[in-house]
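Just below is one structure, and these are the notes that go with it.
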Amino acid sequence: MSRLRNGSTLAGAILVTSIGLFSAAANAQTVENAPAAVQEQTPPVESAATSAPVKAADETNAAFLARVHSANPGTVALSAAELFKQSPAPGTVKDLITIASSTDAATADIAGEVTNGFPIIAVSTSAAQFSEQLSAMVLNDSSQLPVVVALAQKVANKDFSEVVGEGLALAYSTAMQRGNTILAAAIQLQTKGTGVPSDLLIAFSENVQGTAAGPAAPAAAAAAASPIGGAGSTPASGNSIGGSGAAGDTGGTVQAGGGAAPVGGGGSGTTTTTTGATGALPSITVSTGSTSTPTSTSPV
């Protein structure tokens with residue numbers, strides 16, 4: 001009996017041990033599989049968070065930025081700057097300015113974020129393009145002029161104010177070249193309004209002066225080309241200092257050409273006469289060496 005009891009006890013112990021080992025193995029397998037399931041779900045979540053919206057071909061700029069704002073409001077400013085970089089045109093400038101200048105309470109957040117995008121443009125490689133396209137927009141639609149100046153006041157950023165000033169200077173110079181003095185005067189007046197950033201006015205004035213110096217230089221050169229001591233092609237122009245004159249018309253008209261020389265000069269005066277209805281008058285030349293004195297040829 002004792003041997004059977006010992007055998008049963010041993011068999012029971014082996015059975016319990018086997019069940020324990022099986023349970024431990026099963027639990028270990030379950031623990032190892034759990035992290036794998038979590039790791040498989042993590043990448044799609046990260047991908048969805050980092051992906052940026054892409055503007056559709058038929059989507060307006062306002063609709064695109066609204067969609068960006070819904071997905072991630074903090075990226076609207078960068079998206080606005082990138083939007084202009086991808087499409088540098090007067091229409092893009094106008095859309096961005098319109099969104100940023102909106103007074104609708106429903107879009108106030110988007111307007112603020114787009115406003116923050118202009119300083120980014122001003123310090124990027126697209127700054128010069130922005131000035132050019134802003135100028136084109138003002139020339140095509142002068143009603144945008146006060147809106148542009150008001151936006152510069154709202155942004156209150158030195159770099160952006162300078163970019164706007166350069167754009168308005170380009171618009172002013174182009175308007176003057178086209179003879180549109182009314183628009184040119186309006187642009188100049190807007191830059192001197194109350195509350196206009198000083199950096200905008202300085203940039204405008206400096207660029208206007210730089211542009212105006214170009215056309216003025218040829219005009220000054222042409223004026224300086226008037227001869228002093230040159231030869232005149234007509235009796236009137238022949239009276240330049242030290243010049244030579246042409247003979248007058250027939251019929252007794254006397255023309256004096258180049259007779260006056262500067263004091264102390266060594267020139268000589270010549271009086272030419274032609275035979276007219278009253279007869280001939282002698283041609284007299286008087287040279288005094290150091291100076292020349294014209295002599296009257298009236299008959300005694």
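Everything numeric in this text was worked out from a predicted model, so none of it was measured.
- Within the 4.5 Å cutoff, no side-chain heavy atoms of Pro119 are placed close to those of Asp159.
- Heavy atoms of other residues, nucleotides or ligands lying less than 6.0 angstrom from NZ of Lys55 number more than 12.
- Residue Ile120 is found in a hydrophobic cluster whose other members, listed by chain and number, are Leu78; membership requires side-chain heavy atoms under 4.5 Å apart, directly or through intermediates.
- Between Phe204 and Tyr172, the two ring planes are perpendicular [angle over 60°; tilted spans 30° to 60°].
- What you find for Ala127 and Ala122 is that their closest heavy atoms are CB-O, 3.4 Å.
- Closest approach of Pro146 to Gln190, counting heavy atoms only: CA-OE1, 3.8 Å.
- Looking at heavy atoms from C-beta onward, Leu145 lies in side-chain contact with Ile187 at the 4.5 angstrom threshold.
- In plain terms, the two heavy atoms of Leu183 and Val138 that are nearest each other are CD2-O, 4.5 Å.
- Between the side chain of Ser135 and the backbone N or O of Ala171, at least one donor-acceptor pair lies under 3.5 Å.
- In this structure the side chain of Gln144 never reaches within 4.5 angstrom of the side chain of Leu134, judged on heavy atoms.
- Leu201 and Leu168 sit in two unconnected hydrophobic clusters of ILVMFWY residues. Membership requires side-chain heavy atoms under 4.5 Å apart, directly or through other members.
- In this structure, Asn61 and Leu96 have side chains that are not in contact, with every pair of non-hydrogen atoms separated by 4.5 Å or more.
- Residues Asp109 and His69 meet the side-chain proximity criterion, which asks for heavy atoms closer than 4.5 Å.
- Listed here is the closest heavy atom pair of Val149 and Val196: CG1-CG2, 3.8 Å.
- Annotation: side chain of Phe84 is in contact with side chain of Val93 (closest heavy-atom distance under 4.5 Å).
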Worksheet entry | Step-by-step side chain to side chain donor-acceptor pair (under 3.5 Å) determination, Glu82 to Gln86 | CA-CA 6 Å; Glu82 185 66 20; Gln86 296 297 328; 2.6 Å; yes

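- Shown here are the side-chain hydrogen bond (donor to acceptor under 3.5 Å, both in side chains) partners of Gln153, two or more places apart in sequence or in another chain: there are none.
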Worksheet item: Ser102 and Asp104: side chain to side chain donor-acceptor pair (under 3.5 Å), yes or no, with the steps?
Response: CA-CA 6 Å; Ser102 175; Asp104 188 355; 5.3 Å; no

